[in-house]
Participant: 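Let me give you the structure first, and then I'll get to my questions.
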Amino acid sequence: MSGGHEQPFDRAIVSLESRENAPNEGAEYIRFEKLLGEEVRRLCPHWLWNHREDIVQEGVITLLKVKRKREANWRPNRSYLRDVAYTRIVDAMRKHRPQEVAMAPADFDPPSAGPDPHREHLRREIIEAVRECLSQLVKPRRLAVTLFLLGDGVPRIAERMNWTRRKASNLVYRGLANMRDCLTRKGLKP
Amino acid sequence: MKLENDEVSRLSQAFRSRLPSDAPRSDCPPPEHILKGVRQELSRQDLSGLVLHVAQCPLCTQSWKLAEELTPDASISMASAPVLSRPGLRRHFVGAIAAAILLTALSVGLYRTGVFFPVQAPGQVGTSRSVEKLKLELLIAADPLPRDNFLLTWTEFSDASYDVEVYRSNDVTAISQARGLNVAEYRVPQESLAGLPTGTNLQVFVEVHVPGIGAVTSGTFTVRVR
Ligand SMILES: [Zn+2]
């Protein structure tokens, strides 16, 4: 977890600090802020948008610290910037929660939608049941089904886990069947 | 017991959803660790540990999905999503536009499905930033494809040979496969498709063997049966 509980970042203080070490750090700050800001805007989940300025500022501090350890003309490339944006966004995701149910990501709607309070209850029930049923799978099936639900196809799962495709396919197939049985026992239809 | 496409889709969406009450767990791995897991830079044991954590942690599930969006490599897993969820459709569309722009000179009259799949040489997987990427694209006449002429064509590489595997999306049952093809096309036998309901989603996976590089793997394309 990051040191994300600091007071809001004060750019002027950093600029003063930086003058003692490197005269150009103020300019670097602005450059990093622009570059990182683009990546954060691209990656940031919508429910975290209110915090994106903080995310950028924390990322810029990371970049400035890295730069101090590198040679003077060091510039982060785009994939490095994305990695920094990613780590700061994940830290922020762990720090903040979606404020409202409606703002939770992944537009999952239960199949039989009733009035809103019922729908919301059903939605929560299904989401929790899926996790619970997953936890009851034997380990290899849990690995296979988790990767499958994350979007990996069988060949990709096989590659990741160093399994044959046949084995990966069987584990996904049997794991999904177990999931369905488990959800049915809970009175839920996937 | 089989799950229908929309059931798997809902299961997948439910799994990826986060509730406002979800809090980080004390054992959540550092974000850098999740990045490495997605990029296949972890040992199998570490990866297993991470995936088992993700199975139980909605926050890390989201972090995993976000990590997949970081690099062009991520399109492998986006495109191989078990079903076309709503975001999947959007990516499909964006990918098709990119394909159209970059490959207008190629294969006039062919319908392009899916997105580009950067293909990675095995052994280089752990260094995804520097890995050589080849653009592999599936070129088909229509989507859905008629079962009596289910012809799959893909980007051709010089002197390459190809392995193809076709699975049913909803239960990942193997439908058909071919190995060592010398041409960049494969017609799925009609008898393999008999009995599949119209609209069945099939996942198509192509492995390219390029002399001097070795076997390179692709993501999985999705095509429907008519
Ligand atoms: Zn976690």
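Remember, it's a predicted structure, so these values are computed and weren't measured experimentally. Keep in mind that the numbers below use all heavy atoms, side chains included, and drop hydrogens, waters and symmetry copies.
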Participant: Quick one: CZ on A/Arg131 to CD on B/Gln56, what's the gap to the nearest 0.5 Å?
Facilitator: 7.0 Å

Participant: Is any side-chain heavy atom of A/Leu176 closer than 4.5 Å to one of B/Leu11?
Facilitator: yes

Participant: I would like to know whether A/Asp83 and B/Arg39 meet salt bridge (Lys or Arg N to Asp or Glu O under 4.0 Å); could you show each step before the answer?
Facilitator: CA-CA 12 Å; A/Asp83 287 2; B/Arg39 292 173 178 167; 2.7 Å; yes

Participant: Could you tell me whether the side chains of B/Gln177 and A/Arg165 share a donor-acceptor contact shorter than 3.5 Å?
Facilitator: no

Participant: Could you state the interatomic distance from OH (A/Tyr86) to OG (B/Ser63), rounded to the nearest 0.5 Å?
Facilitator: 4.5 Å

Participant: Might you confirm whether atom CZ of A/Arg75 has over 12 heavy atoms from other residues, nucleotides or ligands at distances under 6.0 Å?
Facilitator: yes

Participant: Does any backbone or side-chain atom of B/Cys57 lie under 4.5 Å from a heavy atom of chain A? Answer side chain, backbone, both or neither.
Facilitator: backbone

Participant: Could you report the tightest heavy-atom contact between A/Met93 and B/Leu59, atom names first, then the distance?
Facilitator: O-CD2, 3.7 Å

Participant: Tell me, side chain or backbone of A/Glu128 under 4.5 Å from chain B's heavy atoms, or both, or neither?
Facilitator: side chain

Participant: Taking all heavy atoms of A/Arg42 and all of B/Leu70, pick out the closest pair and write down the distance.
Facilitator: NH2-O, 3.8 Å

Participant: Considering non-hydrogen atoms only, spot the tightest contact between A/Arg142 and B/Leu52 and give its length.
Facilitator: NH1-CD2, 3.7 Å

Participant: Shortest non-hydrogen contact from A/Asn162 to B/Arg44?
Facilitator: CB-CD, 4.0 Å

Participant: Quick one: does A/Arg156's side chain get under 4.5 Å of B/Gln40's, heavy atoms only?
Facilitator: yes

Participant: I need the single residue from A/Val130, A/Ile127, A/Ile126 that forms a side chain to side chain contact (heavy atoms under 4.5 Å, CB included) with B/Phe15. Which is it?
Facilitator: A/Val130

Participant: Grab the two heavy atoms, one from A/Arg94 and one from B/Pro31, that are nearest each other, plus how far apart they are.
Facilitator: NH1-CD, 4.0 Å

Participant: Counting only heavy atoms not in A/Lys34, do more than 12 fall under 6.0 Å of its NZ?
Facilitator: no

Participant: Nearest 0.5 Å, please: how far is CD in B/Gln62 from CD1 in A/Ile89?
Facilitator: 11.5 Å

Participant: Write down the atom of A/Leu149, the atom of B/Arg16, and the distance for their closest heavy-atom approach.
Facilitator: O-NE, 3.0 Å

Participant: B/Leu47 versus A/Leu143: any side-chain heavy-atom pair under 4.5 Å?
Facilitator: no

Participant: Assess whether side-chain contact (heavy atoms from CB on, under 4.5 Å) is satisfied between A/Val172 and B/Tyr167, documenting all intermediate values.
Facilitator: CA-CA 12 Å; A/Val172 172; B/Tyr167 296 89; over 6 Å; no

